[in-house]
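I have placed the structure first, in the form of structure tokens, so that the comments after it can refer back to it.
Excluded from the calculations below are hydrogen atoms, water molecules and symmetry mates; all remaining heavy atoms, backbone and side chain alike, are included. Below, chain A is the first sequence line, B the second, and so on; all start at residue 1. As the structure is a prediction and not an experimental result, all values here were calculated from the model.
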Protein chains: 2
Amino acid sequence: MQELTYTEENYIKSIYTIQDRSGTGEASVNEIAERMQTRPATVTDMFKKLSEKSLIHYEKYKKVRLTEAGTKIALNILRKHRLWETFLCDKLNFSWDEVHEVAEQLEHIRSQKLIDKMDEFLGFPEYDPHGDPIPKHDGAMPASKSIPLSEMPENVPCIFVAVNDTSTAFLQQLKRFNLEIGAELTITERMPYDRSVWVTNKKGDSLQLSEKIAGNIYVV
Amino acid sequence: MQELTYTEENYIKSIYTIQDRSGTGEASVNEIAERMQTRPATVTDMFKKLSEKSLIHYEKYKKVRLTEAGTKIALNILRKHRLWETFLCDKLNFSWDEVHEVAEQLEHIRSQKLIDKMDEFLGFPEYDPHGDPIPKHDGAMPASKSIPLSEMPENVPCIFVAVNDTSTAFLQQLKRFNLEIGAELTITERMPYDRSVWVTNKKGDSLQLSEKIAGNIYVV
DNA sequence: GGGCTTAATTTGTCCAACCATATCATTATA
DNA sequence: TATAATGATATGGTTGGACAAATTAAGCCC
């Protein structure tokens with residue numbers, strides 16, 4: 001197990017996320033640059049370094065893929081991130097839209113013992129406050145059986161279980177709509193022009209969600 | 001409130017610690033280099049930078065002292081460090097000798113809300129597991145729990161912080177022994193017959209102190 | 001295939017934090 | 001007071017992570 005810088009860890013995590021939500025299981029220089037708020041040149045440099053350390057499969061001008069070692073690291077960071085989020089919400093009463101940026105820092109703390117004790121302290125949770133599965137110590141991940149709200153058929157009720165974007169902007173928007181994990185939603189109508197959807201909740205309130213929002217709300 | 005790097009924060013903390021136990025309230029390049037495990041050249045560079053940011057008083061070839069702003073930052077880091085140590089011991093059942101290096105990482109987490117909530121979660125503790133006082137949110141520090149030198153266990157280094165007798169006779173005796181506030185002392189042996197103690201200082205000098213003297217020297 | 005667009009890489013620079021070495025100040029001591 | 005020892009600084013160099021600008025490769029469309 002090598003010593004990685006925080007920056008390297010963040011790249012690994014971004015690659016994991018991008019390849020996870022791309023059909024092909026790969027990530028491009030531009031996608032990572034976008035996500036890391038940096039320039040493609042920087043990403044190319046980092047790809048070389050990570051490749052040197054055998055954490056990604058990299059060939060010039062091609063997309064990259066995490067190696068097994070890289071994936072293991074990504075899952076470990078994800079585990080820490082989600083356990084910390086759970087801690088912040090469950091024990092310190094943070095609201096679920098406040099935890100992300102603090103967890104972004106805490107996920108880099110290096111101490112096997114700390115994270116194992118934290119897991120125990122929290123009662124070995126399977127899902128974090130956003131509904132995302134928490135990888136186990138060995139990297140095993142509870143199934144996340146959710147799909148984007150935008151892919152739900154019309155008039156089939158579903159439960160809001162996770163978000164696919166943890167930016168403050170997005171979470172605040174949800175707050176404005178009064179949308180929370182656990183809400184029961186039903187798509188009543190699709191607007192073909194901009195792919196937005198009309199949704200009703202259990203109380204019968206109706207609201208219109210853009211394609212972007214509906215694509216980042218995950219439901220079962 | 002400026003954004004400091006972790007490294008800068010660590011220097012600030014080291015300066016605080018050194019000047020706190022120095023008698024004169026100052027810290028030298030070499031002392032900091034020793035404590036930070038780095039070279040004097042590096043420390044000089046950093047002193048210039050911190051001086052530029054008005055966090056220390058710095059003049060070439062002289063010792064440094066934290067400014068008010070610098071002290072505030074140091075106390076804030078100390079607060080975070082000691083609260084985290086308390087958390088690790090009280091809530092996660094770490095033993096008191098395991099917590100330090102993890103707290104060294106956690107003390108850099110930037111979130112006012114987190115640390116305030118943590119303080120509350122822990123029941124607003126005044127002292128950390130090592131008995132050191134935890135600075136309050138406003139920088140106020142509970143009195144540090146000093147004890148008479150005579151009550152220190154053997155072979156545990158401590159710092160001479162106060163006297164409990166301000167008579168000239170006592171102070172002159174201290175002078176004769178070359179004992180000053182700030183000295184690092186270690187009891188090497190106890191003489192059961194008269195309860196006097198053998199003490200060594202940092203230079204390795206050894207001296208014998210009567211029960212009366214050792215009882216009026218306060219240490220932490 | 002040729003040309004165009006987009007994506008990726010190379011090159012050269014910058015800054016923070018480090019170091020070794022050489023030099024300069026301060027101090028302690030003969 | 002002169003001089004050696006110690007302490008601090010200056011200089012020049014390295015590395016990691018970032019950037020802009022220029023260049024090259026890949027993919028696509030006719």
Any donor-acceptor N or O pair under 3.5 Å, side chains B:Ser22, B:Gln19: no
Which residues share a side-chain hydrogen bond (donor to acceptor under 3.5 Å, both in side chains) with B:His108, sequence neighbours left out: B:Glu9, B:Asn10
Separation of C:dT10 P from A:Phe47 CZ (nearest whole Å): 14 Å
Distance test, side-chain N/O of B:Thr5 to OP1/OP2 of C:dA16, below 4.0 Å: no
Reported CG-to-CG distance for the pair B:Leu4 and B:Leu55, which is rounded to 0.5 angstrom: 6.0 Å
N/O (side chain, A:Arg39) to phosphate O (OP1/OP2, D:dA18) under 4.0 Å: no
Partners meeting ring pair (Phe, Tyr, Trp, His ring centres under 6.0 Å) with B:Phe160 (sequence neighbours left out): none
Test side-chain hydrogen bond (donor to acceptor under 3.5 Å, both in side chains) applied to A:Glu104 - qualifying residues, sequence neighbours left out: A:Lys13, A:His100
Residues within residues 6-19 of chain A bordering DNA chain C, heavy-atom distance below 4.0 Å: none
Note: A:Arg110-A:Glu3 ion pair, threshold 4.0 Å (strictly below): yes
Rounded interatomic separation in angstrom, taking CE from A:Met36 and P from D:dA18: 6 Å
Sugar-phosphate only, base, or nothing, as touched by B:Thr42 at under 4.0 Å among non-hydrogen atoms: base
All side-chain hydrogen bond (donor to acceptor under 3.5 Å, both in side chains) counterparts of B:Gln112, not counting sequence neighbours: B:Asp116, B:His137
For atom CG of B:Asp45 and atom C1' of D:dT14, their distance in whole Å: 14 Å
Audit row: A:Glu68, A:Thr71, side chain to side chain donor-acceptor pair (under 3.5 Å) steps and yes/no: CA-CA 5 Å; A:Glu68 214 166 305; A:Thr71 305; over 6 Å; no
For atom CG of B:Leu4 and atom C1' of C:dC15, their distance in whole Å: 16 Å
Tabulate protein N/O versus nucleotide N/O from nucleotides 6-8 of chain D, keeping only pairs under 3.5 Å, one per line.
from	atom 1	to	atom 2	distance (Å)
D:dA8	OP2	B:Asn30	N	3.0
D:dA8	O3'	B:Tyr61	N	3.3

